[in-house]
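Here is the structure we will look at, set down as structure tokens.
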Protein chains: 2
Amino acid sequence: MGKQMTEMLKGTLEGIVLAILAVQPAYGYDITARLRERGFTDIAEGTIYALLVRVEQRGLVDVEKVPSEKGPPRKVFTLNERGRGELEEFWRTWSFLAERIEQLHQTDETEK
Amino acid sequence: MGKQMTEMLKGTLEGIVLAILAVQPAYGYDITARLRERGFTDIAEGTIYALLVRVEQRGLVDVEKVPSEKGPPRKVFTLNERGRGELEEFWRTWSFLAERIEQLHQTDETEK
DNA sequence: ACCACTACAAAGTAACACTGAGTACCGGTA
DNA sequence: TACCGGTACTCAGTGTTACTTTGTAGTGGT
């Protein structure tokens, strides 16, 4: 993956995952699959699991072990109240940043 | 500054500064001022100077020392050819990410 | 018995923004 | 003269994050 993308995902990837969980509860392996569907083809599994450990420790999700027919038991993550709060703040922060960057983009374009 | 914003700036702040330099050459202190004008009121000076050292070492900018009437000499940074290339890649990466996140934002909104 | 796919875990690395402190130069004021 | 506010740059140390790599383990098909 490009280095720029790697750096840009820092701070956004967590929000992306929370947003995916907001749509519907999911387990790690499933989340990486959904990310790939949405165009994030190069995100390593290990990255997602590490991120899930963090959000669990911070109490943003509830966890439930569910047996699987094809492999080890699944850890299903559900966004809880705190998680929803965090996600809302993520959208606020994102909107703030995106607006200002888009403004710069326009200025930059017109310079050409 | 909020922790989320701090993390989100990773990978984007460099692009933001390059975009500002694309409009017009500037020195560190000036760049922080322009950032504040554009709404980034909480970005520490030290952060900008460290970033400028990095982009200089990577050869994205040309540097010129210019004496100042009110303080130490200014290090004026001008975006060069490599810097413009990097900036273009930044916009590509940004657009890719922003599109997908906005898509998620919509999905998330309609869920409510 | 082997292999592919599913599913999770963990250690080590690199990159980045922040904090806080420090240096230095100038002009104005008391 | 002595001080202070504004300008301008530097640097060491900290915490967080995503990536890489490797390993473990269960299931089903051939």
Side-chain angles (χ1 to χ4, degrees), chain A residues 1-18 25-36 40-58 60-61 63-77 86 90 93 97, chain B residues 1-18 25-36 40-58 60-61 63-77 86 90 93 97:
Chain A
M1 189 158 35
K3 216 178 73 182
Q4 286 205 16
M5 183 57 87
T6 293
E7 289 306 320
M8 231 179 265
L9 283 173
K10 294 185 183 181
T12 53
L13 185 55
E14 182 184 302
I16 292 170
V17 169
L18 292 184
Y27 52 98
Y29 194 84
D30 189 24
I31 292 172
T32 64
R34 296 210 206 161
L35 284 171
R36 290 186 209 296
F40 299 103
T41 53
D42 295 323
I43 293 179
E45 274 186 59
T47 302
I48 299 304
Y49 287 112
L51 188 155
L52 288 171
V53 167
R54 285 199 298 274
V55 298
E56 183 185 353
Q57 280 175 348
R58 279 165 53 207
L60 307 180
V61 290
V63 183
E64 194 189 359
K65 280 246 175 185
V66 177
S68 161
E69 330 81 44
K70 3 173 52 179
R74 296 165 173 166
K75 274 181 79 174
V76 175
F77 297 86
E86 186 81 0
F90 169 75
T93 308
L97 189 62
Chain B
M1 189 159 33
K3 215 180 75 186
Q4 286 207 19
M5 183 58 86
T6 293
E7 292 306 321
M8 224 179 270
L9 283 173
K10 291 186 184 182
T12 53
L13 185 55
E14 182 184 302
I16 291 170
V17 169
L18 292 183
Y27 52 98
Y29 194 85
D30 189 25
I31 292 173
T32 64
R34 295 209 206 161
L35 284 171
R36 292 186 207 295
F40 300 102
T41 52
D42 294 325
I43 294 178
E45 276 182 52
T47 301
I48 299 304
Y49 287 112
L51 189 155
L52 288 171
V53 168
R54 285 200 299 274
V55 299
E56 182 184 354
Q57 279 174 351
R58 280 164 53 208
L60 307 180
V61 290
V63 183
E64 194 189 357
K65 280 246 177 184
V66 177
S68 161
E69 331 81 43
K70 2 173 50 178
R74 297 164 172 167
K75 275 181 78 174
V76 175
F77 297 87
E86 186 80 359
F90 169 75
T93 309
L97 188 62

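Reminder, nothing fancy here: chain letters follow the sequence lines and each chain counts from 1. These numbers come from the heavy atoms of this one structure, side chains and all, not from hydrogens, waters or symmetry mates.
Residue-level contact check: A/Leu52 touches neither bases nor backbone, having no heavy atom under 4.0 Å from any strand. Nucleic acid contact for A/Gly28: sugar-phosphate only, since backbone atoms but no base atoms lie under 4.0 Å from a heavy atom of the residue. In this structure, A/Glu45 reaches the bases: a heavy-atom distance under 4.0 Å links it to at least one base atom across the strands shown.
Atoms CG (B/Leu35) and P (C/dC18) sit 10 Å apart, rounded to a whole Å. Separating the CZ atom of B/Phe40 from the P atom of C/dC18 is a distance of 11 Å, rounded to the nearest angstrom. The interatomic distance linking B/Leu9 (CG) with C/dA17 (P) rounds to 7 Å, in whole Å. Here the P atom of nucleotide D/dG26 and the OH atom of A/Tyr27 are 18 Å apart, to the nearest Å.
One finds a side-chain N or O of A/Ser68 lying less than 4.0 angstrom from the OP1 or OP2 phosphate oxygen of C/dA7. Close to C/dA9, at under 4.0 Å from its OP1 or OP2, lies a side-chain N or O of A/Lys75. Note on A/Tyr49: a side-chain N or O is less than 4.0 Å away from OP1 or OP2 of C/dC8. For C/dC16, the OP1/OP2 oxygens have a side-chain nitrogen or oxygen of B/Arg54 closer than 4.0 Å. A close approach under 4.0 Å does occur between a side-chain nitrogen or oxygen of A/Tyr29 and OP1 or OP2 of C/dT6.
Contact of A/Lys10 with D/dT17 (side chain to base): a donor-acceptor pair of N or O atoms is detected under 3.5 Å.
Listed candidates were C/dT19, D/dA18, C/dC8. Nearest to the side chain of B/Thr47 is C/dT19.
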